[in-house]
Structures are given as C-alpha cells and as structure tokens.
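A, B, ... follow the sequence lines: proteins, then strands. Residue 1 opens every chain. Everything quoted here is computed from the prediction, not taken from an experiment. Only heavy atoms go into these numbers, but all of them, side chains included; no hydrogens, no water, no symmetry mates.
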Protein chains: 2
Amino acid sequence: MRLTAKSEYGLLAMIDLACRAQDGPVSAREVSERQAVPPKYLEQLFVALRKAGLVSAVRGARGGFVLDRPAAEITVLDIVEALEGPLKPTVCDAERAAVCGKGGACAAAGVWDQATRAVREVFVSTTLDTLARDQEVLEGPA
Amino acid sequence: MRLTAKSEYGLLAMIDLACRAQDGPVSAREVSERQAVPPKYLEQLFVALRKAGLVSAVRGARGGFVLDRPAAEITVLDIVEALEGPLKPTVCDAERAAVCGKGGACAAAGVWDQATRAVREVFVSTTLDTLARDQEVLEGPA
DNA sequence: CAGAAACCATACCGATTTGGTAAGGATTCG
DNA sequence: CGAATCCTTACCAAATCGGTATGGTTTCTG
C-alpha cells in the first residue's frame with residue numbers, strides 16, 4: 001500500500017478530463033500545463049490508464065483522451081490501482097508469512113489488513129464525478 | 001503515508017515485549033530469533049523506539065528492553081510514527097501545493113487526506129495489549 | 001500530399017530510500 | 001576479569017521514484 005506521485009498526477013488528470021467531458025478529446029499537453037505535471041511523464045500515466053480501460057485515446061492531430069465510462073462509474077480505487085498495482089498491504093505479505101513461522105497466526109497482520117481495508121473503503125466510495133463537481137465549486141463561479 | 005518493514009518488524013517486536021512483560025528485560029537477540037528479524041537491524045529499531053519513549057533499555061549482561069508504559073497505553077500509531085516519522089499524506093504536500101497553482105482549492109487533496117485519516121483511526125484505536133492478547137490466543141493453549 | 005499534432009513505445013538515468021551489514025565502543029552482571 | 005548486551009557510526013547493494021530522451025506511428029488540417 002504505497003501512494004506516490006503517480007496516483008496524485010493520475011487523479012489530477014482524471015479530474016481534469018471529467019471537468020471537460022463535453023469538450024471532446026483533451027490532449028496530454030493541455031492537462032500537463034493545467035495540472036503542472038511533466039508532459040512526458042504524464043503520457044506514461046495515460047498509457048496505464050488506457051490499458052486499465054479508464055480512458056480512450058484519440059490519435060492524430062486534435063486528438064487526446066476521453067473518459068471511457070461515465071465519471072460516476074469511475075472510483076479513485078480504479079485510478080490508483082491502474083497506476084500502482086493492486087492495493088494490498090506491503091508488509092506481512094505471503095513471502096514474510098512463510099518465514100515468520102506462525103503459519104498465519106499473527107496478530108500484527110490483522111492491523112495491516114485493517115488499515116488497507118480502511119483506505120480501500122475511502123477510495124471505493126469516492127467517484128470521479130463527485131471530485132469533478134468539488135473541483136468546479138472550489139474554482140468558484142470565476 | 002508509507003509502511004515498510006520497519007513498521008512490521010517494530011510491531012512484532014513490541015508485541016513480543018508485551019507478551020513477556022512480566023519476565024523482566026527481553027534482549028534484542030531473543031526477539032530477533034523469535035520474530036525472524038535480522039538482529040543488527042532490529043537493534044536500530046529498538047534505538048528509535050527508545051528515543052520515542054516507548055521502551056526502556058537495560059544495558060549490560062542480562063539486559064534487554066522493557067515497555068516503558070502499560071501495553072494498554074501504547075497504540076500502533078505510536079510505534080509506526082516512532083519508526084517512520086509522522087503519518088501524513090505523501091502526495092499533494094505543501095511543496096506540491098505551492099506549484100499546482102490552486103492555492104489549496106484542490107479536490108484531489110481531500111481524498112488523500114481522508115485516506116490518511118482512515119489509517120490513522122485504525123492505528124490509534126489499536127493498542128498493544130489487545131494485540132498481545134490476540135497473539136496469545138492465536139498461539140493457542142499450547 | 002505535406003506537415004504538424006498528437007499518441008505510443010522503449011530505453012535510460014540520477015537521486016533517494018530500503019533493508020540490511022560491519023566494526024567497534026560503552027555498560028553492567030556474574 | 002570477561003561475557004553479554006546495548007549504543008553509535010559508517011557503509012553498502014538493490015530497488016524504486018520521478019523524470020528525460022529518442023524516435024516511431026497515426027491522423028487531422030491546410
């Protein structure tokens with residue numbers, strides 16, 4: 001369970017796309033400038049998001065990316081797992097359990113598991129449309 | 001918010017100490033062997049736990065470590081923060097907020113904050129005495 | 001059709017963190 | 001005394017992170 005800049009940048013990008021869902025494809029360069037994310041790095045993240053089925057790419061001039069599902073059906077967990085892999089405890093994993101000699105009888109493992117579940121619950125219950133609306137409110141009536 | 005082997009080893013060590021609270025000081029070597037943690041690495045962790053005021057060290061032969069407070073008054077958060085530093089979001093931090101140009105008006109930041117709070121809640125509400133009892137039950141009546 | 005705009009793929013790279021190990025010093029019990 | 005134990009510092013290999021570089025492929029537009 002680790003959260004890095006990938007998740008941060010990826011979530012910012014997805015919110016950006018959700019806020020402009022009606023404007024047709026949004027290019028990586030545009031997102032990069034608005035969200036202050038290095039452009040080539042962002043491209044890599046979009047590749048991962050596309051492979052996870054969260055966005056569709058439109059190639060060629062005037063191309064860009066579009067959400068592949070309604071924003072209400074995309075959760076933060078979808079985005080985080082697309083970029084960082086499955087959300088699971090980074091400690092007391094299978095390899096560790098093999099050497100600690102307790103055969104699964106480990107009180108510590110339960111704590112890590114609970115913590116992971118708690119994060120997962122937050123991520124699953126937060127959808128992109130909520131965040132997009134929040135962001136629009138935060139930016140104010142301009 | 002990152003969890004590494006330090007937290008895992010440290011929690012195992014603290015549970016070990018709690019289970020043997022009545023046996024006087026427990027040496028790092030004993031803990032190392034029981035919990036399958038590299039001995040010299042464990043020594044470093046005990047130093048951090050001591051500096052955080054969680055354990056007391058008894059030097060010299062027959063020395064070792066003892067919990068500095070009742071197990072019921074030591075939370076998992078105490079242990080994790082002693083070893084890994086303050087538990088806070090690793091993304092969208094102050095440095096980032098300075099460049100993203102939103103002046104704090106960022107919907108993404110709220111998600112990371114919620115996730116961190118959720119983990120903190122689990123860690124704060126889990127005390128060492130509970131884990132020690134859990135562990136003794138798991139190990140069975142032998 | 002030419003070229004620009006955009007996505008796609010792969011490789012590389014410096015800095016930092018992680019998970020230790022090594023070597024020796026200081027303290028206390030027996 | 002000498003052994004056990006904690007204490008301190010330094011060092012190190014491997015992995016990860018965040019990002020750059022280079023070039024290719026596709027497609028719109030003039």
Trainee: Which ones in residues 76-83 of chain B lie close to DNA chain D, meaning a heavy atom under 4.0 Å from one of its atoms?
Mentor: none
Trainee: Going by the angle between their ring planes, with limits at 30° and 60°, are A:Tyr41 and A:Tyr9 parallel, tilted or perpendicular?
Mentor: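 Taking A:Tyr9 first and then A:Tyr41, their aromatic rings stand perpendicular (interplane angle over 60°).
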Trainee: Check the angle between the aromatic planes of A:Trp112 and B:Phe123 and answer parallel, tilted or perpendicular using the 30° and 60° thresholds.
Mentor: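 Because their plane-to-plane angle is over 60°, the rings of A:Trp112 and B:Phe123 count as perpendicular.
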Trainee: Honestly curious: do A:Leu77 and A:Leu3 fall in one hydrophobic cluster under the side-chain, below-4.5 Å linking rule?
Mentor: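 Yes, A:Leu77 and A:Leu3 fall within the same hydrophobic cluster.
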Trainee: Does A:Phe46 reach a base, just sugar-phosphate, or nothing at all? Heavy atoms under 4.0 Å.
Mentor: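 Counting heavy atoms under 4.0 Å across all strands, no contact is made by A:Phe46.
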Trainee: Considering residues at least two apart in sequence or located in another chain, which fulfil the side chain to side chain contact (heavy atoms under 4.5 Å, CB included) criterion with B:Asp129?
Mentor: B:Ala71, B:Ala72, B:Thr127, B:Arg133
Trainee: State yes or no: do B:Val47 and B:Val26 share one hydrophobic cluster built from I, L, V, M, F, W and Y residues joined by side-chain heavy-atom distances below 4.5 Å, directly or via other members?
Mentor: no
Trainee: Step by step, would you call A:Glu81 with A:Lys88 a salt bridge (Lys or Arg N to Asp or Glu O under 4.0 Å)?
Mentor: CA-CA 10 Å; A:Glu81 291 202 319; A:Lys88 58 179 171 56; over 6 Å; no
Trainee: Among residues at least two apart in sequence or on other chains, which ones pass side chain to side chain contact (heavy atoms under 4.5 Å, CB included) with B:Asp78?
Mentor: B:Leu54, B:Arg69, B:Ile74, B:Thr75
Trainee: How would nucleotides 19-30 of chain C be written as a contact map, 5' to 3', with B for base contact, S for sugar-phosphate-only contact and - for no contact, using protein heavy atoms under 4.0 Å?
Mentor: BBB-BBBBBBBS
Trainee: Whether A:Arg29 contacts C:dA4 is assessed here as follows: a side-chain N or O lying under 4.0 Å from the phosphate OP1 or OP2. Is that the case?
Mentor: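 Negative; the distance criterion is not met.
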Trainee: Reading DNA chain D in the 5' to 3' direction, which nucleotide is the first one with an atom under 4.0 Å from a heavy atom of chain B, and which is the last?
Mentor: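 Span of nucleotides near chain B: D:dA4 to D:dA10.
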Trainee: Separation of B:Arg2 atom CZ from C:dT17 atom C1', in whole Å?
Mentor: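 After rounding, the gap between these two atoms is 8 Å.
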Trainee: Do NZ/NE/NH1/NH2 and the carboxylate oxygens of A:Glu121 and A:Arg117 come within less than 4.0 Å?
Mentor: no
Trainee: Could I get the full list of side chain to side chain contact (heavy atoms under 4.5 Å, CB included) partners for B:Arg29, not counting sequence neighbours?
Mentor: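 B:Arg29: side chain to side chain contact (heavy atoms under 4.5 Å, CB included) contacts with B:Ser27, B:Glu33.
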Trainee: If you measure from CG on B:Leu49 to CG on B:Leu11, what distance do you get to the nearest 0.5 Å?
Mentor: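 The CG atom of B:Leu11 is 10.0 Å from CG of B:Leu49, to the nearest 0.5 Å.
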